[in-house]
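Chain identifiers are assigned alphabetically (A, B, ...) following the order of the sequence lines, protein sequences preceding nucleic acid strands; residue numbering begins at 1 within each chain.
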Amino acid sequence: MTVEPTSSPEGANLGAPAQTPSSPQKGMFGITGTGDVSGFGGLVRRHPETAGSAKPYGGYFDEVTDALEEAYPGFADAIEKVVVDRGELTLHIKPQRILEVVQIMRDDESLRFELCSSVSGVDYLNSDARRLHVVYQLTSMTYRRRVRLEVAIAADDSIPSITSVYPTADWQERETYDMFGVIFTGHPNLTRVLMPDDWEGFPQRKDYPLGGVPVEYKGAEIPPPDQRRVYQ
Amino acid sequence: MTQSGYASERETTEGRVFTVTGGDWDTVTGSVDPLSNEKIVVNMGPQHPSTHGVLRLVLELEGETVQEVRPVVGYLHTGIEKNLEYRNWTQGTTFVTRADYLAPLFNEAGYCLAVEKLLGITDDITERANTIRVLFMELNRISSHLVWLATTGMELGAISMMLYGFREREYILDIFEETSGLRMNHAYFRPGGVAQDIPESAIKKIKDFLVYLPKKLKEYEDMLSGQVIWQERTQGVAVLDVTGCLAMGVTGPVLRSAGLAWDLRKTMPYCGYENYEFDVPTATTADVWGRYQVRLAEIRESLKLVEQALDKLRPGPIFISDKKIAWPAQLAVGLDGMGNSLEHVAKIMGQSMESLIHHFKLVTEGFRVPPGQVYVSIEHPRGELGVHAVSDGGTHPYRVHMRDPSFVNLQAIPAMAEGALLADVIAGGASLDPVMGGCDR
């Protein structure tokens, strides 16, 4: 089967449909190029910027933030905002402070986040210059608590590796590098882990196309998934 | 050694080269220290029967002692997380189920719980749906542990265990097939409930299985536990204590074999696990033997949970009542797997225009999920399975990351194997129970 750019349906959304929480969405179907006759073409939907929450946060969240503030002198400077949403606490940290923060999160007696459950990335393309977010999920087995740390950086920026505090972050940071191109300084061996060593580009970035070929099904030609009509 | 001996020597870029002219071989070999000069690099995998799928280990050996191990993964990377971003939220279950193929229902459960938390409908999931989820997850845990017992048995020389383990697993897969239409990759759990109610025939099979497995399990324990070879290959092998486990992020049976009773079903319950009676088995040896004991005990605990879940199973809806989220079609198992029930197709095509519109909108467009992010973790047979889901308010996931226990646990292979014998790398790696589909996603 031949793959031609014209094989996608008229007005379909080409490339990655990157809609971010903070970027406005136009229309209903992601149609660009042609006139939208659906009547929804002029619709503009804006999502509110994730706002920081105000104290009291409720639950154990106040205890965690208070304990961190007490143990960490640079708290006011390092914490950009605190978000409580759906019963989860997220601390937005300045990139260069993340190593200091996780050190205290692990070692302080009233925090004791012994386990770094997960490190991964999210690409908020078009939101602002700091589009790449690195998300850390910490677990305290002593207190049975969870906290999420989030760091936002620009695509060509770097952040300190936390492998010296949590060795388990080794492969997970490698995966984040592999998929998003986040450079972790101080990582012992920052190489690709899932993709082949000579791979170019960072596949999970929103401006990296999914790829695929149109397929024929019962006589009709179905475009690849990233070129199908998208309901936003 | 001098030129006047039987072998002349010269320096090359590759090291010293001896040219042996005959005679006194002992003199030649005696001047070479076999320990420091015989370092060889062995590439094990990715196609190797005892690496559990496509895991590649690069080993630096001195004699039979492993000096360094470097696990290499990624051979089964299929871009599941990226693909999810181009499908609607419901279609996501058909992708995540293919990650860890020995525990598909756990992938689905973790994903569905994350979507439900994003939607804010966690408390609206019906009692019956939650009970079915627990019932099926525990059956899946048993089948996963049986495969572990089977493959580990094979790798350590107990070939018959491999046949027995896979045979018993087949009973569980039959139950899954009876209910969801598929042996593996079920896409049975959906955001909002489960796709299909359990038929009576499957309930009967589960009840038969509850009688059948304990006897068999006793046989396998008798066969392995007293076996001297099995003991020698497992006891004191690949030790990783609690500190090591937490540093490397290792959870699940491996952590519990080191003595820490950390089980998310107990410590951070979900799906109503707080209403069930069960113990968290632990061991203190922190070796392969301990992990074997813990997994056997976990199969027995899971059987208890299955029994309780069967008792709790009351008639009722299996899907959330909110019609804006609930899948419109009643599904039925046909000859070729699960599909729309024929009555439903007759209704939307012949009787109700509104039903057709509703079906069309929900199936092609999907439901919208309010913007935000959540992290949900469940106790997978191999440890903590975390799902970090981000929504931008649209009908597709913005980002889903699966923190798969196989991926994180595999990092511990060097810590367990370096300094030990080559054969213990196999035992230690097997005791982590890595599944490369989950590791590479």
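Only the side chain of B/Leu260 has a heavy atom closer than 4.5 Å to any heavy atom of chain A. Residue contact with chain A, scored on non-hydrogen atoms closer than 4.5 Å, is absent for B/Pro405. Looking at A/Pro203, only its backbone comes within 4.5 Å of chain B, counting heavy atoms on both sides. Of the two parts of B/Met248, the backbone and the side chain both hold a non-hydrogen atom closer than 4.5 Å to a non-hydrogen atom of chain A. Contacts between B/Leu255 and chain A at a heavy-atom distance below 4.5 Å involve the side chain alone, from C-beta outward. Proximity to chain A involves both the backbone and the side chain of B/Asn83, based on heavy atoms less than 4.5 angstrom apart. Both the backbone and the side chain of A/Gln172 come within less than 4.5 Å of a heavy atom in chain B.
From A/Asp85, atom CG reaches atom CD of B/Gln373 across 8.0 Å, with rounding to the nearest 0.5 Å. In this structure, CZ in A/Arg146 is found 3.0 Å from OG in B/Ser377, a value given to the nearest 0.5 Å. Distance check: B/Thr251 OG1 to A/Met141 CE gives 7.0 Å after rounding to the nearest 0.5 Å.
Annotation for A/Glu109: atom CD does not count as buried by contact number, only 12 or fewer foreign heavy atoms lying within 6.0 Å.
Remark: A/Arg145 pairs with A/Glu63 by the side chain to side chain donor-acceptor pair (under 3.5 Å) rule, at least two apart or across chains.
A/Ser117 places a side-chain heavy atom less than 4.5 Å from the side chain of B/Glu384. Put simply, the side chain of B/His401 does not reach to within 4.5 Å of the side chain of A/Val135, judged on heavy atoms. Contact annotation: the side chain of A/Glu175 approaches that of B/Arg441 to within less than 4.5 Å [non-hydrogen atoms, C-beta and beyond]. B/Arg403 places none of its side-chain heavy atoms less than 4.5 Å from the side chain of A/Ser120.
Ranked by heavy-atom pairs shorter than 4.5 Å toward chain A, the options B/Leu118, B/Val408, B/Asp440 are led by B/Leu118. Options B/Gly120, B/Gly74, B/Ala247, B/Gly249 differ in how many heavy-atom pairs under 4.5 Å they form with chain A, and the most are formed by B/Ala247. Of the listed residues (A/Cys116, A/Pro196, A/Gly121, A/Gly87), the greatest number of heavy-atom pairs within a distance under 4.5 Å of chain B belongs to A/Gly121. For the set A/Gln137, A/Glu114, A/Met179, the count of heavy-atom pairs under 4.5 angstrom toward chain B peaks at A/Gln137.
Side-chain atoms of B/Lys82 come within 3.5 Å of backbone N or O of A/Arg205 as a donor-acceptor pair. Judged purely by atom type and a 3.5 angstrom limit, A/Arg86 has no side-chain atom pairing as donor or acceptor with the backbone of B/Val374. A side-chain donor-acceptor contact under 3.5 Å links B/Gln411 to the backbone of A/Trp171. Proximity of a side-chain donor or acceptor of B/Tyr398 to a complementary backbone N or O of A/Asp123 within less than 3.5 Å is detected.
When all heavy atoms are compared, the tightest approach of B/Trp262 to A/Arg144 is CZ3-CG, 4.3 Å. Taking each heavy atom of B/Leu246 and A/Leu115 in turn, the nearest pair found is O-CD1, 3.9 Å. A pairwise comparison of heavy atoms in A/Tyr208 and B/Tyr86 identifies O-OH, 4.1 Å as the closest pair. The two atoms that bring B/Tyr375 and A/Arg148 nearest to each other are N-NH2, 3.3 Å, heavy atoms only.
B/Arg399 and A/Gln204 are linked by a side-chain donor-acceptor pair at a separation below 3.5 angstrom, with hydrogens and angles left out of the test.
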